[in-house]
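The structure appears right after this line, and notes come after that.
Quick caveat: nothing in here was measured; it's all calculated off a predicted structure.
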There are 2 protein chains.
Amino acid sequence: MKSSETREKIITALDTLYYERGFEATSFADVAEIVGISRGNFYYHFKTKDEMLDAVIERRILERTAMLDGWIDAGQSPKQCVASFIRILLMNNQKIRSYGCPVGTLFSELSKLNHPGESGARELYDLFRVWLKRRFEAMGKSDDADALAMHILARSQGAASLANAYPDEPFLEQEVQQMLAWLDAIADGMQIKT
Amino acid sequence: MKSSETREKIITALDTLYYERGFEATSFADVAEIVGISRGNFYYHFKTKDEMLDAVIERRILERTAMLDGWIDAGQSPKQCVASFIRILLMNNQKIRSYGCPVGTLFSELSKLNHPGESGARELYDLFRVWLKRRFEAMGKSDDADALAMHILARSQGAASLANAYPDEPFLEQEVQQMLAWLDAIADGMQIKT
DNA sequence: ATGCAATTAGGACAATTGACCTAATTAATC
DNA sequence: GATTAATTAGGTCAATTGTCCTAATTGCAT
């Protein structure tokens, strides 16, 4: 089997386990069993565990970038783009209820561990932040584009956190509707401070 | 030294370390050094590590209950009470920037670990949720008191998460101001959907 | 088929973990 | 002051962790 194939399979398994169980709680034995390779084989593809984390973060960044820019390329308006971002919460409904937000929970864990990968996890935040900022700028909200981006990012984070804590309630759907209503108000140029 | 004193000192150290480093990452060796006792001594006061977690959660519940009800006893109006809740983010400004929300980050970690203490962590959420709900009811918002409580809880969570990710920015203060403005609008009976 | 490099398997390593045990020390009671 | 109970210290244990090392296997070019 080609080296890159195994490597990709490892990253895929790590990506899932880091999300579902957390970074620290994911051991080589777990991944080895899932991928179907021996533990010693890891160190042919990665030097250390930290290097694996970097690889996972790098892939997440690429995937998210493709998703976000895909919406632009599909011809969505800036407002439609932001709406699509908000609706990520519904797209990943089940997973978010089970494991929270992949970005927020990873950052939180690495932050507490004082792990060097924290900066990589922040890049994931930045990816969404900057992309949202550009959309708001395109909506004519240049002055507070970054503030609006941070605001909707925070709202999404909070909604994901509570959906995780109360997975059996229709809270997430309601919160998404409120965010979409907020977006409408913003787009119409109304002076609603929320 | 009395048994209860040592026990309380252990819980205090655990409380801090669980918050700053996380539950799993906190080892007996760490706490022993901080408290100034031997590792073996733990098991005179607690049977297992899980029992220590329960003790920490129990104390946190008592402390938060005292804080919340203290505002009521101090004669704050329901609206003032909710405002005080929102301002917790500013009271604990530095710690939140460094370690995020103590409730949210603990729940997230225990949830990923499939740890039995997850239910205890959810009780902490419930504590705030129910208390907020009662305040909104007292404000005459009986119909959607719980929804309002969940909403402001989520906003706070999200604000804390992003303040943790971007600790050097004035984002938290801005978000608090927006939440207080939202509270004003709610209290005035306006129809602002946010 | 043969030789060589790429890839994998599996064991060994030291370090750390939560847990347990027993002896020593302290505090309290008579 | 002697006896007993409460509290603490420190060592030991098995299990797990990330890491490393070497031999075996695979795939590919000649």
Hey, quick one: are [X] and [Y] part of the same hydrophobic cluster, counting side-chain heavy atoms closer than 4.5 Å, chains of contacts allowed?
X: Met67(B); Y: Leu124(B); result: yes
X: Val130(A); Y: Ile152(A); result: no
X: Trp71(B); Y: Leu62(B); result: no
X: Val103(A); Y: Leu90(A); result: yes

Among [options], which is the nearest nucleotide to the side chain of [X]?
X: Tyr44(A); options: dT7(D), dG10(D), dT7(C); value: dT7(C)
X: Arg39(A); options: dG11(C), dT8(C), dT8(D); value: dG11(C)
X: Ile37(B); options: dA12(C), dA9(C), dA9(D); value: dA9(D)

Note to self: Under a plain distance cut-off of 3.5 Å, with no hydrogens placed, do Ser38(A) and Asn41(A) share a side-chain donor-acceptor pair?
What the structure shows: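 Absent: no donor and acceptor within the cut-off.
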
Next item on the list: May I ask you to list the residues of residues 17-35 of chain B, by number, that have any heavy atom positioned under 4.0 Å from an atom of DNA chain C?
Entry: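 Those residues are Thr26(B), Ser27(B), Phe28(B).
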
Notebook entry, point to check: Considering only heavy atoms, which members of residues 48-59 of chain B lie under 4.0 Å from some atom of DNA chain C?
Noted result: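 Of all residues in residues 48-59 of chain B, the ones placing a heavy atom under 4.0 Å from DNA chain C are Thr48(B), Lys49(B).
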
Note to self: For Lys95(A), I'd like to know if atom NZ has over 12 heavy atoms of other residues, nucleotides or ligands within 6.0 Å.
What the structure shows: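 Not buried by this count: 12 neighbours or fewer within 6.0 Å.
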
Rounded to whole Å, how long is the line connecting atom [atom1] of [X] with atom [atom2] of [N]?
X: His45(B); N: dT7(D); atom1: NE2; atom2: P; answer: 7 Å
X: Phe42(A); N: dC21(D); atom1: CZ; atom2: P; answer: 18 Å
X: Leu14(A); N: dG18(D); atom1: CG; atom2: P; answer: 11 Å

Check: Looking only at side-chain N and O atoms, does Tyr43(B) come under 4.0 Å of OP1 or OP2 in dC20(C)?
Finding: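 No, because none of the side-chain N or O atoms of Tyr43(B) sits under 4.0 Å from OP1 or OP2 of dC20(C).
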
Note to self: Can you tell me if Thr6(A) touches the phosphate of dT8(C), counting only side-chain N or O atoms and a distance under 4.0 Å to OP1 or OP2?
What the structure shows: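 Affirmative; the distance criterion is met.
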
Margin query: Under 6.0 Å between ring centres: does that hold for Phe28(A) and Tyr43(A)?
Written below: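 Yes, close enough.
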
Check: Using the benzene-type ring in the case of Trp, are the ring centres of Phe171(A) and His151(B) under 6.0 Å apart?
Finding: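 Here the rings of His151(B) and Phe171(A) have centres that are no less than 6.0 Å from each other.
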
Margin query: Test: side-chain hydrogen bond (donor to acceptor under 3.5 Å, both in side chains). Region: residues 97-108 of chain A. Which pairs qualify, not counting sequence neighbours?
Written below: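 Every pair satisfying side-chain hydrogen bond (donor to acceptor under 3.5 Å, both in side chains) with a residue in residues 97-108 of chain A: Asn93(A)-Arg97(A), Arg97(A)-Glu173(A), Thr105(A)-Lys112(B).
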
